[in-house]
Protein chains: 2
Amino acid sequence: MDELRQELKIRGYRLTSQREAVLRAIYEGACTQSVEEIHERAKQWLPSLGLTTVYRTLELLKHARKVQEIYLGDGKVRYEPILETHHHHLICQVCGKVEPVEGCFLSPFEGATLVRNGFQILGHRLELYGRCRDCQEG
Amino acid sequence: MDELRQELKIRGYRLTSQREAVLRAIYEGACTQSVEEIHERAKQWLPSLGLTTVYRTLELLKHARKVQEIYLGDGKVRYEPILETHHHHLICQVCGKVEPVEGCFLSPFEGATLVRNGFQILGHRLELYGRCRDCQEG
DNA sequence: AAACCTATTGAAAATAATTTTCATATATCA
DNA sequence: TGATATATGAAAATTATTTTCAATAGGTTT
Ligand SMILES: [Mn+2]
Ligand SMILES: [Mn+2]
Ligand SMILES: [Zn+2]
Ligand SMILES: [Zn+2]
């Protein structure tokens, strides 16, 4: 959180109660929350918080690399905090459940910067699709 | 294409010129096209084609596993054909260019069905983020 | 080939998510 | 504290996608 304060100062941004509330909501919430969910959670701490400000703050936090977007196929973008622990997601194609899975299947990528096709690879995103325990039959 | 004809008949769907045009547009187009782009391309063959029908056909083709969705972070969903060759994408974080990269970095996944956390893993999606040749400096 | 039935289509209207506008409020710094 | 530029909330605007509905056209049966 102090780290955020630094980030903001460097960029000439201000530290507001709204930004703190949104950040806290993201960190205390589930693995992937919709904007609406983040808004609801953040209003716990700051009931007057507007939805527009949540959108704006998410954009800011995205640039500051505090959150990342994830799209699960329904029409809305979701967000989750960028934590120390790199992880991926198991997504159930039947019920839509999302579960984080620790660790990385792409061993050559951990830490290192790779080059391929002239691309300098800086990060990656992996989603695993299937059926969760509850949705398996036969 | 004949395969599609079978698929449709089995499900009681009809083979229309609209559906043929959309499918052709997807197969002849780039790796990831927006709905608008698919519409434009398909109108080459069928100028009267409506955008609504493109949306409906994409939904149908998704269920028939002929196309898959991909979300690149701008507000619109993109589509690409599901081809024989499994591949992933290099996405430039600066200019937004998308380039397919053949082959799979997840060796244990090719073909096999894996189980993890009780999940039965049936497929996956991997996107690699970085900077393309043109956008690298310093 | 004509009739029949139902799935499909296109245009327009409706929705839903996200962005923009603008007047007001407030964080930061001298 | 006061000056000032950034940030905020509400409402309006925009954009992507879905729904509605009357008209059209596959596919099948006579
Ligand atoms: Mn997660
Ligand atoms: Mn592709
Ligand atoms: Zn990984
Ligand atoms: Zn792969």
Side-chain angles (χ1 to χ4, degrees), chain A residues 1-2 4-26 32-40 42-43 45-64 66-79, chain B residues 1-2 4-26 32-40 42-64 67-79:
Chain A
M1 189 66 93
D2 275 337
L4 177 68
R5 184 174 267 106
Q6 292 311 310
E7 283 273 343
L8 292 176
K9 180 168 268 181
I10 289 168
R11 297 161 185 254
Y13 295 141
R14 293 172 182 175
L15 182 58
T16 64
S17 54
Q18 286 86 347
R19 284 169 181 174
E20 286 185 309
V22 171
L23 190 66
R24 184 172 171 191
I26 291 167
T32 61
Q33 300 178 88
S34 68
V35 178
E36 201 61 67
E37 286 166 345
I38 292 167
H39 184 211
E40 283 310 313
K43 280 202 290 189
W45 331 120
L46 194 66
S48 65
L49 178 65
L51 180 58
T52 308
T53 297
V54 177
Y55 274 105
R56 283 190 285 231
T57 304
L58 288 169
E59 195 61 24
L60 186 157
L61 292 173
K62 199 171 68 177
H63 285 133
K66 296 296 170 210
V67 304
Q68 68 179 4
E69 294 181 325
I70 181 170
Y71 184 74
L72 299 180
D74 56 340
K76 60 188 90 169
V77 174
R78 286 155 195 282
Y79 291 85
Chain B
M1 188 65 93
D2 275 336
L4 177 69
R5 186 173 265 106
Q6 291 310 310
E7 283 274 340
L8 293 176
K9 178 166 271 181
I10 289 167
R11 297 161 186 254
Y13 295 142
R14 292 173 181 175
L15 182 58
T16 65
S17 54
Q18 286 86 345
R19 286 171 179 171
E20 286 187 307
V22 171
L23 190 67
R24 183 172 173 192
I26 291 167
T32 61
Q33 299 178 89
S34 68
V35 178
E36 201 60 68
E37 285 166 345
I38 293 168
H39 185 210
E40 283 311 312
K43 281 202 290 188
Q44 256 187 281
W45 330 119
L46 194 65
S48 65
L49 178 66
L51 181 58
T52 309
T53 297
V54 177
Y55 274 104
R56 284 189 285 231
T57 304
L58 287 170
E59 195 62 24
L60 186 156
L61 292 173
K62 199 171 69 178
H63 285 133
V67 303
Q68 67 179 6
E69 295 181 326
I70 181 170
Y71 184 74
L72 299 180
D74 56 342
K76 60 188 91 169
V77 175
R78 285 156 195 282
Y79 291 84

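Chain identifiers are assigned alphabetically (A, B, ...) following the order of the sequence lines, protein sequences preceding nucleic acid strands; residue numbering begins at 1 within each chain. The structure displayed is predicted, hence computed values, not measured ones.
Counting to the nearest Å, the P atom of D:dT6 and the CG atom of A:Leu15 are 17 Å from each other. B:Glu59 has its CD atom 14 Å from the P atom of C:dT8, to the nearest Å. Following rounding to the nearest Å, A:Leu58 (CG) and C:dT19 (P) show an atom-to-atom distance of 10 Å. If you take CZ of B:Arg78 and C1' of D:dT17, they are 15 Å apart, rounded to a whole angstrom. Note: CZ (B:Arg11) to P (D:dG27) measures 16 Å, nearest angstrom. Remark: C1' of C:dA17 and CG of B:Asp74 are 14 Å apart, rounded to the nearest angstrom. Atom-to-atom, NZ of B:Lys9 to C1' of C:dA7 comes out at 15 Å; the value is rounded to the nearest Å. Atoms OH (B:Tyr13) and C1' (D:dA25) sit 18 Å apart, rounded to a whole Å.
Here A:Tyr55 reaches the OP1 or OP2 of C:dT18: one of its side-chain N or O atoms lies under 4.0 Å away. Note on A:Arg19: a side-chain N or O is less than 4.0 Å away from OP1 or OP2 of D:dT8. For C:dT19, neither phosphate oxygen OP1 nor OP2 lies less than 4.0 angstrom from any side-chain nitrogen or oxygen of A:Arg56.
Checked against C:dA17, D:dG9, C:dG10, the side chain of A:Gln18 finds its nearest nucleotide in D:dG9. Nearest to the side-chain atoms of B:Thr53 among the listed nucleotides D:dA7, C:dG10, C:dT18 stands C:dG10. Of the candidate nucleotides D:dT18, D:dG9, C:dT8, C:dT8 has the atom lying nearest to any side-chain atom of B:Thr16. The side chain of A:Ser48 lies closest to D:dG9, out of D:dA16, D:dG9, C:dT8. Of the candidate nucleotides C:dT19, C:dC5, C:dT28, C:dT28 has the atom lying nearest to any side-chain atom of A:Arg14.
When the nearest nucleotides of DNA chain D are assigned to B:Thr52 and B:Ser17 by heavy-atom distance, the more 5′-ward of the two goes with B:Thr52. Residue order along DNA chain C, read from the 5' end via each residue's closest nucleotide, puts B:Gly12 first among B:Gly12 and B:Leu49.
Here the straight-line distance linking atom CZ of A:Arg78 with atom CG of A:Leu72 works out to 5.5 Å at 0.5 Å rounding. With values rounded to the nearest 0.5 angstrom, B:His39 atom NE2 is found 13.0 Å from B:Gln33 atom CD.
In this structure, B:Glu59 pairs ionically with B:Lys62, as a charged nitrogen and a carboxylate oxygen lie closer than 4.0 Å. Note on A:Glu40 versus A:Lys43: salt bridge recorded, some NZ/NE/NH1/NH2 to OD/OE distance being below 4.0 Å.
Contact annotation: the side chain of A:Lys76 never approaches that of A:Val35 to less than 4.5 Å [non-hydrogen atoms, C-beta and beyond].
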